[in-house]
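Below you'll find the structure, written out as structure tokens, and then a few comments.
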Amino acid sequence: MREYRQLSQDEIQVLEQNVCWAEDWNRVLVHPDFRPYNFHRVMFYGDIRLGRFEKKIEVAKGFFKHSGINDATLRNVSVGNDCLIEKVGNFINNYTIGDDCYISNISTLETTEGASYGAGSTISVLNEMGDGNVVLFRELNSQLAAFMVKHHDDKALMNRLHQLIDDEVRISTPEQGIIGNRVKIINTKDITNTVIKGDCEISGCARLNECTILSSEDASVFIGTGVICENSIICDGCSINNSVKMQDCFVGEACQITNGFTAEASLFFANSFMANGEACAAFCGPFSASHHKSSLLIGGQFSFYNAGSNTNFSNHAYKMGPLHWGTLERGTKTASGSYVLMPATIGAFSVCFGKLMHHPDTRNLPFSYLMAYGDDCYLVPGRNITTVGLYRDIKKWPKRDKRSKQSKKSIINFDWLSPFTVGEILEGMKILESLRQASGDNVTTYNFHEYVINASSLRKGLKYYDIALRIYMGAVLKRQLKGLKEDGVGLKEAPSTLHPQPSTIGKGPWVDLSGLLLPETEEQRLKDDIKSGSIESIGQVLDRFEDINSHYSEYRWAWSYQLILDYYHLTELNAEACERIREDYVRARRAWIAEIRKDAEKEFQMGDVEQEVYDDFLEKLDHEIDFEN
């Protein structure tokens with residue numbers, strides 16, 4: 001709590017000589033070390049609190065001006081230490097301003113009665129004309145948003161969640177607008193009912209109304225020229241620039257929205273990039289991207305996804321070319337709840353992990369291509385497992401996480417093979433085996449609903465799926481044995497030490513909550529605990545997501561252990577079985593790398609890749625042997 005004192009008569013005289021005026025000087029309180037000399041043409045109304053003004057502020061590179069207040073009207077305002085406020089065209093009303101701020105050439109900065117700062121409102125995603133299903137508030141992350149969307153029809157659950165969120169919003173809503181420390185606001189028109197956390201820069205913005213900007217020292221936010229943002233929350237590390245228009249949106253950590261993009265009632269989470277196009281009622285999970293003017297993201301759920309241009313949802317089945325946003329996509333969910341196979345490459349994170357478009361009862365064929373020739377649609381199952389694009393995507397996504405360590409609200413699991421995706425691979429294998437058994441091996445094509453699968457594609461699909469299975473099982477077992485070795489347990493004790501703890505957690509189906517991979521049983525347990533009242537705050541819900549994620553390795557092993565026993569027809573894991581699985585893992589990895597090498601050679605022969613790029617990629621493949629043990 002800062003200490004303040006009243007102005008002396010000498011200080012009032014100096015201020016008045018500098019053409020300053022107060023409605024009541026007794027209501028202007030100042031820091032004990034306050035000096036009145038850097039105030040010119042300032043009008044004070046209501047209750048005013050002023051810090052000390054001793055430092056200079058860098059207003060442009062190499063250009064410093066002394067802190068103070070010039071040409072401004074303030075009403076019910078608290079100003080921290082060493083701020084420079086000047087050229088306020090209208091007024092600053094009902095605001096608390098932190099230390100070391102620079103506010104210049106603005107029109108209005110005001111808090112009005114009943115301000116919500118963008119928190120507490122309910123928007124409808126996936127169905128732009130439906131009832132609201134996601135509540136905006138500061139701590140929202142992709143998991144909670146996906147949870148609310150997924151279980152919107154569970155009224156008891158939603159009522160309880162809304163109550164918990166309302167409690168959080170009520171407690172965290174300030175009485176008046178706040179500007180944090182080291183905030184820079186210049187050449188901006190109107191800012192109304194907006195909380196701006198520290199280290200944020202706002203330059204040339206047109207309007208901010210009912211917003212919260214969660215900037216921080218290690219993840220600053222930039223709001224740029226021509227931006228109009230209303231009833232929205234913007235998280236740490238974001239950049240919103242170049243005439244973006246946004247209403248009723250949540251923008252997660254390290255997102256970039258630029259170049260005239262417009263968005264309404266949409267969610268954008270960790271590391272998403274949006275430019276030129278439009279979003280309405282869209283759920284854009286981590287690493288969603290849209291670059292083109294003709295892209296409209298509407299009523300869909302996206303993740304690890306590149307919108308491409310117009311109908312070209314994935315606009316580059318690229319290989320070794322320059323870095324792009326890539327094809328490693330978890331998919332697109334339509335308003336009806338079905339998942340759409342992309343026309344180009346189907347991403348490594350099991351893009352088709354829901355149902356095929358037009359066929360809500362069909363099972364999954366992950367990592368597949370869907371291509372049209374004339375009136376026929378050809379399905380190429382598992383093809384993307386052995387592409388250069390997948391290989392590069394696996395490596396690049398963790399490196400592209402631009403969030404700071406302190407601002408990672410949304411959980412992102414980067415495993416391309418997990419109980420979730422491998423579970424879909426198993427289902428895909430069942431589909432292909434049943435097709436082959438039904439039609440036999442002496443046919444040239446198989447029909448899967450109205451999709452055509454060439455016999456060669458079916459056989460390769462089974463081969464690729466099996467390669468992925470053996471890679472997954474070997475990698476998980478390797479991690480488990482490494483952990484035991486670090487604990488001083490030898491391989492001879494494997495049967496007793498490798499067996500999972502007596503728990504059912506992880507053994508059943510798994511789901512993806514927009515980046516968090518978890519057992520379905522844990523999702524159900526969370527639902528039950530919320531409805532029963534044993535979870536008492538929204539913070540506890542978010543903590544549960546973190547706790548589930550922290551036990552991912554344990555749950556994954558519980559699921560994988562039974563998979564390994566079933567695949568190898570074992571009753572337990574012993575040293576001999578572990579060695580066999582390791583050898584299978586090595587062979588599968590080498591087969592996988594060999595297929596990727598073929599894909600690279602094919603692209604190089606097409607003349608689309610420079611020799612240097614090609615050689616560099618092959619060198620990386622040569623080093624894959626280093627990761628076998």
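The chain is numbered in sequence order, starting from 1.
Under 3.5 Å, the side chains of W25 and E16 contain a donor-acceptor pair of N or O atoms. In this model, no donor atom of one side chain and acceptor atom of the other lie less than 3.5 Å apart for S239 and Q256. For E210 and N193, the side-chain atoms include at least one donor-acceptor pair closer than 3.5 Å. Between the side chains of D199 and S215, no donor-acceptor pair of N or O atoms lies under 3.5 Å. Judged by distance alone, the side chains of T108 and N90 do bring a donor and an acceptor atom under 3.5 Å apart. If you check the side chains of Y552 and D415, you find a donor sitting under 3.5 Å from an acceptor. A side-chain N or O of N70 and one of H40 form a donor-acceptor pair less than 3.5 Å apart. D528 and Q524 form a side-chain donor-acceptor contact under 3.5 Å, judged by distance and modelled atom types alone. Between the side chains of T96 and Q176, at least one donor N or O sits under 3.5 Å from an acceptor N or O. Side-chain contact annotation: N181 with D100, donor-acceptor N/O pair under 3.5 Å absent.
Relative ring orientation between F147 and F545 is described as perpendicular, the plane-to-plane angle rising above 60° on a 0-90° scale split at 30° and 60°. Aromatic ring orientation, F250 versus F269: tilted (interplanar angle from 30° to 60°).
E54 is listed as a side-chain neighbour of D33, based on a closest heavy-atom distance under 4.5 Å. By the 4.5 Å heavy-atom criterion applied to side chains, T192 and L109 are not counted as neighbours. Looking at heavy atoms from C-beta onward, W397 lies in side-chain contact with F304 at the 4.5 angstrom threshold.
The environment of NZ in K293 is sparse: at most 12 heavy-atom neighbours from other residues, nucleotides or ligands sit within 6.0 Å. More than 12 heavy atoms of other shown residues, nucleotides or ligands fall within 6.0 angstrom of atom CZ in F64. For K55, the NZ atom sits in a loose shell: 12 or fewer heavy atoms of surrounding residues, nucleotides or ligands are nearer than 6.0 Å. Around CD of Q17, the count of heavy atoms belonging to other residues, nucleotides or ligands within 6.0 Å exceeds 12. Annotation for K399: atom NZ does not count as buried by contact number, only 12 or fewer foreign heavy atoms lying within 6.0 Å.
In summary, D71 and R41 engage in a salt bridge, as defined by a charged side-chain N under 4.0 Å from a carboxylate O. K531 and D154 are joined by a salt bridge, as a carboxylate oxygen and a charged side-chain nitrogen come within less than 4.0 angstrom of each other. Between R544 and D547 no salt bridge is recorded (no basic side-chain N to carboxylate O distance below 4.0 Å). Comment: D218 does not engage K405 in a salt bridge, judged by the lack of any side-chain N to carboxylate O separation of less than 4.0 angstrom. Taking the charged nitrogens against the carboxylate oxygens, E546 and K409 have no contact shorter than 4.0 Å, which rules out a salt bridge. Salt bridge absent: R35 and E11 never bring a charged side-chain N and a carboxylate O closer than 4.0 Å. Remark: D24 does not engage R27 in a salt bridge, criterion side-chain N to carboxylate O under 4.0 Å. With respect to the salt-bridge test (charged N to carboxylate O, under 4.0 angstrom), the residues D99 and R2 qualify. Here K408 does not pair with E253 in a salt bridge; the nearest charged N to carboxylate O distance is not below 4.0 Å.
The ring of F287 has its center no closer than 6.0 angstrom to the ring center of F273.
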Check: Stepwise, does the side chain to side chain contact (heavy atoms under 4.5 Å, CB included) test hold for L208 with I202?
Finding: CA-CA 10 Å; L208 295 175; I202 300 173; 3.7 Å; yes

Next item on the list: Under the side chain to side chain contact (heavy atoms under 4.5 Å, CB included) rule, what do E201 and I223 come out as? Steps first, then yes or no, please.
Entry: CA-CA 6 Å; E201 179 176 349; I223 311 292; over 6 Å; no

Next item on the list: Take L214 and R138 through the test side chain to side chain contact (heavy atoms under 4.5 Å, CB included) and record every step on the way to the result.
Entry: CA-CA 8 Å; L214 299 173; R138 292 194 331 180; 3.8 Å; yes

Next item on the list: Report the C-alpha separation of V79 and F53 in whole Å, then their side-chain angles, then the decisive distance to 0.1 Å, and conclude whether the side chain to side chain contact (heavy atoms under 4.5 Å, CB included) test is met.
Entry: CA-CA 10 Å; V79 181; F53 297 80; 4.0 Å; yes

Check: Would E3 and H31 count as a side-chain hydrogen bond (donor to acceptor under 3.5 Å, both in side chains) if you check the C-alpha gap in whole Å, the side-chain angles of each, and the deciding distance to 0.1 Å?
Finding: CA-CA 7 Å; E3 295 183 1; H31 188 279; over 6 Å; no

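With S303 contributing its side chain and G285 its backbone, the two residues share no donor-acceptor pair below 3.5 Å.
Summarising the geometry of I48 relative to N76, their closest heavy-atom pair is CD1-N, 3.8 Å, with the distance given to 0.1 Å.
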